[in-house]
Amino acid sequence: MIDVSILRNSPDVLATSLQRRGISLDIEALAELDQKRRRVRSSAEDLRAEQKEAGKSIAQLEGDEKAAAISRVAEVAEGYKNALAEADELDARFEAQWVLIPNLVDPTAADGLEEEDAVELTRWGRQPDPAVAVRDHVELGEMHGFLDIERAAKVSGSRFGYLLGPLVRLEFALVQYALDTLEPYGFVPVVTPVLVRSNALYGTGFFPGDEDQVYSLPADDLYLVGTSEVSLAAMHGDEILDGDTLPLRYVGFSTCFRRESGTYGKDTRGIFRVHQFDKIEMFSFCKPEDSPQTHDFLLAREEELVQGLEIPYRVVNVAAGDLGSSAAKKYDIEAWFPGQNRYREITSTSNTTDYQSRRLKIRYKSDKGNELVHTLNGTAIAVGRWLIALVENLQQADGSIVVPEVLHKYVNFDRIELPA
RNA sequence: GGAGAGGUGGCCGAGUGGUCGAAGGCGCUCGCCUGCUAAGCGAGUAGGGGGUUUACGCCUCCUCGAGGGUUCGAAUCCCUCUCUCUCCGCCA
């Protein structure tokens, strides 16, 4: 949710932002509704003040005098009740439209509406020789027996997978590697809840809007998170943080659940796009003035992690029209996937400025009073896709897979050999 | 799952229909005092919305777990929900 004062004081800023996102909206009508609701609220409050004032004297009176005073103020009470109901109704109507407005786009976000409009910022690493990296992760999985998609389909349906043997070892090695890399920077490791209330999804900007992407458990009124960003952001909801403790940094581990509705026929091969995967996520709460540099910092940590694993990648500045509703700006790292012969997203870091903190009511004490913090998130390691990138990029001509140096201390093998 | 007890300001804790956004204590901030990292004295100290002001500020409304209801008036009465704690059961 963005600041209402934008609507009142600088509607042109709002208009520009919406236009960059490719959204059309009658801003003037919204502004009028906003004015009206305030007018009605104000007159309701006047009645209420009158009623309260009368109540004070009633408390002093007795007998007939009291009865007369009560009947006099009853009319005021009735008027207040009606005015309040109208004000509430107008608020609700305004709110319903206001929550749908996405975050203001950062001026430095890339222009355009589509995924393809993202601007490439850097490129790192050397793509493997196509003559060597000939097998995709599904083939490698079958040869090695460390990935079983058929049985997963039998048990759970499409878009699931069993990871087996060395791939499991690699998963936990990646987790260790991420924690060991990030903890020195002050990231506090967290294992988060994966079942949350709707409020957490609302607060992070997924609701309203993305209901069809989220698994729900209606019997308990809970939802499965698609990313630990949700549980991490909501962790400090309704809190006023001490400014001296900022920035707060967390690195969360959780399984992520995504319905992937509307992606039929897209990325159907292997485990590139699945309903369930594990992910390590960075999250930071910081002062507003620090969020741009925090965003760069998160991107730097992501690059550090990818580079350590020797995976070739590029960084893109995501186009305004392709941003999620809560993001003002977003960088993706796209790894080279030999099996697809192109770069695909393996991390994503967003500066959500005060969009989430306003909804979640996360402030900090400053000299100027209580201010909303800024929140930022960034993938540390999305395990599934990183495993694919690893095995596809580091496969050898004979089908074996070299384990990157940085993982050696976490696994008891430095190469995955084909089974005899 | 069964039985019971509770959710009040940063924390503890009073308050069972009227001048209560709320006694008291702790903590914290500022000032005073004190020759010794303490004690004492005084003042201040919740969040949010709206109006007004260049601004300091002033006015006003809402919030005592959440949402409804009764009433001229609710922290206090009624209903629903929710969370926490204790005991029993079950359980990784």
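Letters A, B, ... are given to chains in the order of the sequence lines, protein chains preceding strands, and every chain is numbered from 1. Small disclaimer: the values here were computed from a predicted structure and weren't measured.
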Kindly give the atom pairs (protein nitrogen or oxygen, nucleotide nitrogen or oxygen) under 3.5 Å for nucleotides 51-59 of chain B.
unit_1	atom_1	unit_2	atom_2	d
G51(B)	OP1	R38(A)	NH1	2.8

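- Spacing between A75(B) and A66(B) at atom C1', rounded to whole Å, works out to 15 Å.
- Separating the CD atom of E78(A) from the P atom of C72(B) is a distance of 10 Å, rounded to the nearest angstrom.
- Atom P of C72(B) sits at a distance of 32 Å from the matching atom of U82(B), rounded to the whole Å.
- Annotation: Y223(A) is in aromatic contact with F207(A) [ring centroid separation under 6.0 Å].
- Checked against G73(B), G18(B), G47(B), the side chain of I240(A) finds its nearest nucleotide in G47(B).
- Each of G48(B), C72(B), U82(B) was ranked by its minimum atom distance to the side chain of R197(A); first place goes to U82(B).
- Between the CZ atom of R358(A) and the C1' atom of G47(B) there is a distance of 16 Å, given to the nearest Å.
- Distances were taken from every side-chain heavy atom of E45(A) (C-beta onward) to each of C72(B), G48(B), C61(B); the shortest belongs to C61(B).
- I58(A) has its CD1 atom 18 Å from the P atom of G17(B), to the nearest Å.
- If you measure from atom CE of M1(A) to atom P of G48(B), you get 13 Å, rounded to the nearest angstrom.
- Separating the NZ atom of K361(A) from the C1' atom of G47(B) is a distance of 10 Å, rounded to the nearest angstrom.
- Within 4.0 Å of E75(A), counting heavy atoms only, lies no atom of the nucleic acid at all.
- OP1 and OP2 of C62(B) both lie 4.0 Å or more from every side-chain N or O belonging to R41(A).
- With ring centers used as reference points, F160(A) lies 6.0 Å or more from Y162(A).
- Under the Watson-Crick or G-U wobble criterion, with both distances below 3.5 Å, G4(B) is paired with C85(B).
- Atom OH in Y364(A) sits roughly 17 Å away from atom C1' in G47(B) (whole-Å rounding).
- Atom name P, nucleotides U63(B) and U76(B): the rounded distance is 10 Å, in whole Å.
- Whole-Å rounding puts the D238(A) CG to G9(B) P distance at 13 Å.
- Judged by distance alone with a 3.5 Å cut-off, no donor-acceptor contact links the side chain of K52(A) to the base of G18(B).
- Using the six-membered ring where Trp is involved, Y185(A) and F187(A) have ring planes that are perpendicular, over 60° apart on the 30 and 60° scheme.
- With respect to Y313(A), the side-chain contact (heavy atoms from CB on, under 4.5 Å) criterion is satisfied by exactly one of E302(A), R344(A), Q307(A), E334(A): Q307(A).
- Contacts of A54(A) with the nucleic acid, taken as non-hydrogen atoms under 4.0 Å apart, are absent.
- The gap from the C1' atom of A39(B) to that of C33(B) amounts to 11 Å, rounded to the nearest Å.
- Place D34(A) and A77(A) on RNA chain B by their nearest nucleotides, and D34(A) ends up nearer the 5' end.
- Not counting sequence neighbours, the partners of Q213(A) by the side-chain hydrogen bond (donor to acceptor under 3.5 Å, both in side chains) test are S261(A).
- Considering only side-chain atoms of K81(A), the nucleotide from U70(B), C62(B), U60(B) that sits closest is U70(B).
- When each of R48(A) and I70(A) is assigned the nucleotide of RNA chain B with its nearest heavy atom, R48(A) is the one assigned upstream, toward the 5' end.
- Separation of the P atoms belonging to G89(B) and G15(B) is 36 Å when rounded to the nearest angstrom.
- The partner of G40(B) is C32(B), judged by Watson-Crick or G-U wobble contacts that both fall below 3.5 Å.
- Pairing of U70(B), defined by two Watson-Crick or G-U wobble distances under 3.5 Å, is not identified with any nucleotide.
- In this structure, C26(B) and G10(B) make a Watson-Crick or G-U wobble pair, each of the two defining distances being under 3.5 angstrom.
- Comparing G73(B) with A14(B), their P atoms sit 30 Å apart, to the nearest whole Å.
- Contact check on E78(A) versus K81(A) returns no salt bridge, with no Lys/Arg side-chain nitrogen under 4.0 Å from an Asp/Glu carboxylate oxygen.
- G73(B) atom P lies 13 Å from atom NZ of K66(A), rounded to whole Å.
- In this structure, W386(A) contributes its side chain and E171(A) its backbone to no donor-acceptor pair below 3.5 Å.
- Comparing the same atom, P, in G47(B) and in G9(B) gives a spacing of 13 Å after rounding to whole Å.
- How far OG of S228(A) is from CG of N377(A): 9.0 Å, rounded to the nearest 0.5 Å.
- Nucleotide C20(B) is matched to nothing when pairs are restricted to Watson-Crick or G-U wobble geometry with both distances under 3.5 angstrom.
- Under the Watson-Crick or G-U wobble criterion, with both distances below 3.5 Å, U52(B) is paired with G57(B).
- Between Y250(A) and H236(A), the distance separating the two ring centers is shorter than 6.0 angstrom.
- Counting non-hydrogen atoms under 4.0 angstrom, N370(A) reaches the backbone sugars and phosphates but no base.
- Comparing C64(B) with G51(B), their P atoms are spaced 24 Å from each other, to the whole Å.
- Checked for salt-bridge contact, D111(A) and R20(A) meet the test: a charged N lies under 4.0 Å from a carboxylate O.
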